[in-house]
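All values below come from the heavy atoms of this structure, side chains included, with hydrogens, waters and symmetry mates left out. Here the structure is a predicted model, which means the values were calculated and not measured.
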Amino acid sequence: MREATFVGHSMGGGEVAGYVARHGQSRVAKVAFVSSVTPFLLKTETNPHGAPKGLFDTFRAAVQANRSQWNLEVTMPYYSFNRPGAHVSEGLRESYWRQGQATGLPAAYHALGAFSETDFRDDLRKITVPALVVHGSDDQIVPLEISAKLTAGLVPHAKLIVYEGGSHGLLHVDKDRLNADLLAFLRG
C-alpha cells in the first residue's frame, strides 16, 4: 500500500502513533486521531496534568469484579448519555455491552493499563504528514484537555477539530459529522 491514511479511534489513536513511529511514513499520506488516548493519560512527574493511577485502578477493579455490569455502566459517560437532556439509545448501549462481553477478560483488564499508561509523546513528535485530531468537548473517558489539545500541539501540521458537547463515542453519536470531516481531510 502507498499513500495510506490511518485513522485511529480511542486506543486506535495510540496504534496509529506507534505504527508510524516504528515503521516510518514513506507510504503514509495522512493520519487522523479521533477521541484518541494520545499523548499520555497517566499523571506522572513529567505529565502532571494526567489522570491519577487510582482512577484507572478503579476501572480495573470494576472489570475484575463484574465485567458485564462495567460494560453496561460505562456506556453512560462514554456516549454522554448521563448528561441532562441526552437522548439515550438503549440499542447503542446494548451494542457496546455485547462487544465488551466478546472481549476476553484478560484483554479487557490489561487494555485499561495499555491505554492509560502508554506514553505516545515521542511517537507523535515523529509524525510529519498532515494530521487531523477530532475530539468531543464532553469526552468523559479521555478528556480533551489531557489528550487532543496536547496531541495537536505535539504533531506538526495537525488540525484540531473540537465537537462542542461531543462524547467519546463520536463514531456513533456524531457519525455523519465525523464522516464528513474525515472525507474533507482525505480529499484536502
Distance-only polar pair, side chains of [X] and [Y], donor-acceptor under 3.5 Å:
| X | Y | answer |
| --- | --- | --- |
| Q99 | S95 | yes |
| T103 | R67 | no |
| W97 | S68 | yes |

Carboxylate-amine/guanidinium contact K53 D57, below 4.0 Å: yes
State the [atom1]-[atom2] distance between [X] and [Y], to the nearest 0.5 angstrom.
| X | Y | atom1 | atom2 | answer |
| --- | --- | --- | --- | --- |
| F185 | I161 | CZ | CD1 | 9.0 Å |
| L112 | W70 | CG | CH2 | 6.0 Å |
| I141 | S35 | CD1 | OG | 10.0 Å |
| N82 | D138 | CG | CG | 7.5 Å |
| L42 | N47 | CG | CG | 7.5 Å |
| F6 | K30 | CZ | NZ | 14.5 Å |

According to a 4.5 Å side-chain heavy-atom criterion applied to Ile, Leu, Val, Met, Phe, Trp and Tyr, with indirect links allowed, do L186 and V134 form part of one hydrophobic cluster? no
Is there a path of hydrophobic side-chain contacts, each under 4.5 Å between heavy atoms of I/L/V/M/F/W/Y residues, joining L92 to L178? no
Do the side chain of R125 and the main chain of V155 share a donor and acceptor less than 3.5 angstrom apart? no
Smallest heavy-atom separation, A29 atom then P130 atom, equals O-CD, 3.4 Å
I need the minimum non-hydrogen distance between A17 and T38, along with the two atoms involved. CB-CG2, 4.3 Å
Note, Y79 side chain near S89 side chain (heavy atom, < 4.5 Å): no
Check whether any side-chain heavy atom of L124 sits under 4.5 Å from a side-chain heavy atom of I127, and report yes or no. yes
Who pairs with H23 by ring pair (Phe, Tyr, Trp, His ring centres under 6.0 Å), at least two apart in sequence or on another chain? Y19
Can you name the residues that form a ring pair (Phe, Tyr, Trp, His ring centres under 6.0 Å) with Y78, not counting sequence neighbours? Y96, H168
Verify side-chain hydrogen bond (donor to acceptor under 3.5 Å, both in side chains) between S167 and Q140, making sure each step is shown before the conclusion. CA-CA 7 Å; S167 69; Q140 298 170 63; over 6 Å; no
Applied to residues 119-166, the ring-ring contact (aromatic ring centres under 6.0 Å, His included) test, sequence neighbours excluded, yields none
Worked verdict on D139 versus L144 for side-chain contact (heavy atoms from CB on, under 4.5 Å): CA-CA 6 Å; D139 189 327; L144 173 69; 5.7 Å; no
